[in-house]
Structure formats: C-alpha cells, structure tokens
Novice: 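Sharing a structure below in structure tokens format, with a few things to ask.
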Amino acid sequence: MIKFLRYTEYLYLAVAIVSIYKIATLWSVDPSSTYIFIFFAVVSIGMFLFRRRYRKRFEQRKKDNQQ
C-alpha cells in the first residue's frame, strides 16, 4: 500500500507539471481560459504535499509500532 501512495504523489506532480505547461502555452492566446489550469496546478501541488506528509507519517507510525 505504501508503494501505491508513493505513486499517487507523483501522479499529482505530473498533473501539476502538465497544467503549468498548458498555462504557459495558452497564456498569450487567451488568458481567461487558463484559470482552470491554474486551479488544477495549485490543487495538484497541494495534494502532492499533503500526500507526501501523510505517507511519511504513516511510515513513521508503522516504524514506531514495530519497535
């Protein structure tokens, strides 16, 4: 399960990178259409950080329970 949590972290990071790329390419054409991608980028980065902290806590708790 921990490996699955690690992969979902990077999935959120990939979504953020793609969203930032779309923002960069669409900004000069139509800035109003990029707001949804800005939202996706911010939420994806937030979820990446949240998932990473959650996974590290889970690993630490599991490590503490084994000792």
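Basis for what follows: all heavy atoms, side chains included, without hydrogens, waters or symmetry-related copies. From a predicted model like this one, the values you see are computed outputs, not experimental measurements.
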Novice: Hydrophobic clusters here meaning ILVMFWY residues chained together by side-chain heavy-atom distances under 4.5 Å, can you tell me if Val42 and Leu11 are in one?
Specialist: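 In one cluster: no.
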Novice: Is there a path of hydrophobic side-chain contacts, each under 4.5 Å between heavy atoms of I/L/V/M/F/W/Y residues, joining Val15 to Leu13?
Specialist: no
Novice: Identify the two heavy atoms, one from Ala41 and one from Ala16, that lie closest to each other, and give their separation to 0.1 Å.
Specialist: O-CB, 4.1 Å
Novice: Would a hydrophobic clustering, with Ile, Leu, Val, Met, Phe, Trp and Tyr connected at side-chain separations under 4.5 Å, put Phe37 with Phe39?
Specialist: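 Both belong to a single hydrophobic cluster.
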Novice: Answer yes if Ile36 and Ile23 sit in the same cluster of Ile, Leu, Val, Met, Phe, Trp and Tyr residues linked by side chain heavy atoms under 4.5 Å apart, and no otherwise.
Specialist: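 Same hydrophobic cluster.
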Novice: Indicate whether the side chain of Arg51 and that of Tyr10 have a donor and an acceptor atom separated by less than 3.5 Å.
Specialist: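 Not at all, the side chains of Arg51 and Tyr10 share no donor-acceptor pair under 3.5 Å.
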Novice: Within the side chain of Thr34, is there an N or O that forms a donor-acceptor pair under 3.5 Å with the backbone of Pro31?
Specialist: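 Looks like yes, one N/O pair under 3.5 Å.
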Novice: Within this structure, what is the CD1-CZ distance for the pair Ile17 and Phe48, rounded to the nearest 0.5 Å?
Specialist: 9.0 Å
Novice: Using 4.0 Å as the upper bound for N to carboxylate O, is an ion pair formed by Glu59 and Lys63?
Specialist: no
Novice: Between CG of Asp64 and CZ of Arg57, what distance do you get to the nearest 0.5 Å?
Specialist: 13.0 Å
Novice: Is the Tyr54 ring parallel, tilted or perpendicular to the Phe50 ring (thresholds 30°, 60°)?
Specialist: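 Parallel.
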Novice: Hey, quick one: are Val43 and Tyr12 part of the same hydrophobic cluster, counting side-chain heavy atoms closer than 4.5 Å, chains of contacts allowed?
Specialist: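 Same cluster.
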Novice: Apply the test side chain to side chain contact (heavy atoms under 4.5 Å, CB included) to residues Ile38 and Trp27: give CA-CA distance (whole Å), side-chain angles for both, the deciding distance (0.1 Å), then the verdict.
Specialist: CA-CA 11 Å; Ile38 293 171; Trp27 189 263; 4.1 Å; yes
Novice: Closest approach of Glu9 and Arg52, non-hydrogen atoms and distance?
Specialist: OE2-CA, 3.4 Å
